[in-house]
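Below is one structure, written out as structure tokens; the observations come after it.
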Amino acid sequence: MLPDFRKIVPELLYSVMSAKRLLGISHTTIYEYMKSSPPILPYQRSENGWHRLIKGSDLIIIRDNPPVKRGRRRNK
């Protein structure tokens, strides 16, 4: 089943690339959210251990309450 990229189903598990499209952020940002301590975006491994899967309910939380991005400030 291909995910609908307009809505997030809380019960489904999404891959990192699907989460990237749903949230509109890069995959490197998603990996940073996963490896922060404590993780901003919890995940679980697939059965074979290769893929990281994210619950739809966690994606909804990130979409509705995005973490503050700590980037470089530029002079105007």
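- With rounding to the nearest 0.5 angstrom, the NZ atom of Lys35 is 9.0 Å from the CZ atom of Arg52.
- Other residues, nucleotides and ligands contribute only 12 or fewer heavy atoms inside 6.0 Å of the CD atom of Glu47.
- No path of Ile, Leu, Val, Met, Phe, Trp and Tyr side chains, each step under 4.5 Å between heavy atoms, connects Ile61 with Leu22, placing them in separate hydrophobic clusters.
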Verdict with supporting geometry, Gln44 and Leu13, side-chain contact (heavy atoms from CB on, under 4.5 Å): CA-CA 9 Å; Gln44 63 189 31; Leu13 293 173; 3.2 Å; yes
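- Of all the heavy atoms in Ser36 and Ile40, the pair that sits closest is OG-N, 3.3 Å.
- Put simply, Ile60 and Leu53 are part of two different groups of oily side chains (I, L, V, M, F, W, Y) that touch within less than 4.5 Å, one to the next.
- The OG1 atom of Thr29 sits 11.5 Å away from atom CE of Met34, with the distance rounded to the nearest 0.5 Å.
- Looking at every heavy atom in both residues, Val9 comes nearest to Tyr14 through N-OH, 2.9 Å.
- Within the 4.5 Å cutoff, the side chain of Lys20 has no heavy atoms near those of the Ile25 side chain.
- Closest heavy-atom contact between Ile8 and Gly56: CG2-O, 3.4 Å.
- Side-chain contact between Tyr33 and Pro67 is present, with at least one heavy-atom pair separated by less than 4.5 Å.
- In this structure, CD1 in Ile54 is found 5.5 Å from CD1 in Ile30, a value given to the nearest 0.5 Å.
- In this structure, CD on Glu32 lies 10.5 Å from NE2 on His27, to the nearest 0.5 angstrom.
- Note that CZ of Arg21 and OG of Ser15 are 8.0 Å apart. Values are rounded to the nearest 0.5 Å.
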